[in-house]
Number of protein chains: 2
Amino acid sequence: MTAHESERIQSVETAFEILDYLQHNEEAGVTEIADALSVSKSTAHGHLSTMESIGHVVKVDGTYRVGLSFLELGHHARSRYNLYESAKAEADQLAEMTGERCQIMVPEGHHGVYIYQTAGEQAVRTDSHIGSTVDLHCTAVGKCYLANLPEDELEAYLDDVGLAEQTEHTITDREAFRDELETVRQQGYALNREERIIGMRAVGAPIVTDQNDVLGAISVSVPTTRIDDRAAEDELPKQVQRSARVIAIRTTYS
Amino acid sequence: MTAHESERIQSVETAFEILDYLQHNEEAGVTEIADALSVSKSTAHGHLSTMESIGHVVKVDGTYRVGLSFLELGHHARSRYNLYESAKAEADQLAEMTGERCQIMVPEGHHGVYIYQTAGEQAVRTDSHIGSTVDLHCTAVGKCYLANLPEDELEAYLDDVGLAEQTEHTITDREAFRDELETVRQQGYALNREERIIGMRAVGAPIVTDQNDVLGAISVSVPTTRIDDRAAEDELPKQVQRSARVIAIRTTYS
DNA sequence: AACGGCGGTTCGCTACCCCCGAACGAAACG
DNA sequence: CGTTTCGTTCGGGGGTAGCGAACCGCCGTT
């Protein structure tokens, strides 16, 4: 990782801290933000009015909110991954067929980002949504990605990020994790057995090009109350893998 | 408008200028950005590495891109408008029925922003997409909004923004524009007759609550080659208005 | 394989400007 | 009507953002 700590521009950092605060609090006033970030009121005010003049922050009734301009920025960022356009319809179909929640993930800087998510009829609500970043080691999509990584990059990932325990089922042992990835490679799909959230399982498959590049992964999440082992390890993987292949083909020829 | 020009924080402004540049250029290097924005290489580098460390910018193969983190920010911003959730399905349906392009707009700071857009079978591609900001005076959705504004706010809008000519059909005369808004109020829907783009017409209807607040507007865009005046001024408006009413009801009871 | 050019990164200095604290103005509350 | 609270404005000092130059690594070239 580059970016020596010294080379950071403070005012830019606080600007984004403010946006971050606004994101998690819907709306807020100058004083509230200043207190939360331990800066003076005038500083917070300066940042807010600067961002307001650009249009990235909006003031309604005296309180500030993040502007809709980020919608455009986010969509532009996503449009670079032509995976999105080719995967959307297929994900919808998979969600409808299974009735469950389906998501598309791409890797970005040692994390995974859901670039699409769609819910079938019986899908349960989760904490993840479009734009969410998730750890790679405890999700089906993440393991799909890591399993297809060259050895040295995997090593770098494990050194940098590690295998933080999310639930009692999270694989935290390095050797066990390598074994798990080997299994993923052999099966061609990955399982998540309550490794991130108790009560949630998932089946994911990697989306790979002809040149064996992993563009991302697709997965279906199912609550444990609604899944039996046979379906989880037989039918569902087949469906997910089929979708992944369709997406891969569609992505390369577009 | 508050925010005296003096009260702006430069480094924050350039940070967003860099993001803006990246948005319009997919990817770029330090030197390229520095030249484009007339700042030194080291300055550009400082900004980029700062934003990279936060995760808002990503470096791949030595060139920088906007990060997917903005997807989350954008979606959060949109989720405040519960209009989105309640309007999405209805817009899809309208697009499918008409076969044309359909969009949902909300006002934000003297502009309109498309928070959703969906394309029917025969829909043509346009320059607008989710997150686009558009002028209010030369779009069907915008006129719907302006028509429902109290007089003083409309006055303020006209003073601030004006009626810039986009095509030869744009209404630029202030009196003519007031008349147009009066027509919109009486009909309950608005037309766009190639006022923003030559070759494109649109029909829009306001989404209003019981308390007569205008939450936004919905519209259908149709190329002139495929529309006869009867449909444009009879059937289509009815459909759009129906959708607008459905959305309004769904929004208030959710 | 040595060379030259290009672009990204680092370094040190200086002028500038960002941050702070305090004062002001304006609402909302009792 | 006094009081509190919050947003906004103002001036000064310390820090820092920005610059230019030097450094370095990666190309393609000869």
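Note on naming: letters A, B, ... go to the chains in the order of the sequence lines (proteins, then strands), and numbering restarts at 1 for each one.
When distances run from any side-chain atom of B:T31 to the nucleotides C:dG8, C:dC19, D:dT16, the shortest one goes to C:dG8. The nucleotide whose nearest atom lies closest to any side-chain atom of B:V30 is, among D:dT8, C:dG7, C:dT9, C:dT9.
One can place CG of A:L48 at 12 Å from P of C:dC19, the figure rounded to the nearest angstrom. When the P atom of D:dC26 is taken as reference, atom NZ of B:K59 falls 13 Å away, rounded to whole Å. To the nearest angstrom, C1' of D:dA17 lies 16 Å from CG of B:L37. Between A:Q10 atom CD and C:dC18 atom C1' the separation is 9 Å, expressed in whole Å. Rounded to whole Å, atom C1' of C:dC17 lies 12 Å from atom NE2 of A:H47. Following rounding to the nearest Å, B:R8 (CZ) and C:dC18 (P) show an atom-to-atom distance of 12 Å. As a whole-Å value, the separation of A:I9 CD1 from D:dG15 C1' is 14 Å. For the pair A:E32 CD and D:dC6 C1', the computed distance is 12 Å after rounding to whole Å.
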Close N or O pairs between protein and nucleotides 20-22 of chain C (under 3.5 Å):
unit_1: C:dC20; atom_1: OP2; unit_2: A:S40; atom_2: N; d: 2.8
unit_1: C:dC20; atom_1: OP2; unit_2: A:S40; atom_2: OG; d: 3.0
unit_1: C:dC20; atom_1: OP2; unit_2: A:T43; atom_2: OG1; d: 2.4
unit_1: C:dG21; atom_1: O6; unit_2: A:S42; atom_2: OG; d: 2.8

Could you list the protein-to-nucleotides 26-30 of chain C atom pairs, N/O on both sides, closer than 3.5 Å?
none

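Proximity of a side-chain donor or acceptor of A:T63 to a complementary backbone N or O of A:K59 within less than 3.5 Å is not detected. Between the side chain of B:R8 and the main chain of A:S53, no donor-acceptor pair closer than 3.5 Å is present.
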Task: Audit row: A:F16, B:H56, ring pair (Phe, Tyr, Trp, His ring centres under 6.0 Å) steps and yes/no - done: CA-CA 9 Å; A:F16 283 115; B:H56 287 312; 4.5 Å; yes
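Of all the heavy atoms in A:V184 and A:A190, the pair that sits closest is CG2-CB, 3.8 Å. Across A:G142 and A:T139, no two heavy atoms sit closer than the pair N-OG1, 3.1 Å. For B:P206 against B:V214, the heavy-atom pair with the smallest separation is CB-CG1, 4.3 Å. Looking at every heavy atom in both residues, B:P107 comes nearest to B:Y81 through O-OH, 4.0 Å. B:L163 approaches B:H137 most closely through the heavy-atom pair CD2-CB, 3.4 Å.
The shortest distance between the side-chain N/O atoms of B:H45 and the OP1/OP2 oxygens of C:dT9 is below 4.0 Å. Between B:Y64 and C:dG7 there is no side-chain polar atom (N or O) within less than 4.0 angstrom of OP1 or OP2.
Along DNA chain D, the nucleotide closest to A:T63 and the one closest to A:S11 are compared, and the more 5′ of them pairs with A:T63.
At a threshold of 4.0 Å, the pair B:R250-B:E90 counts as salt-bridged, since one of the basic side-chain nitrogens sits closer than that to a carboxylate oxygen.
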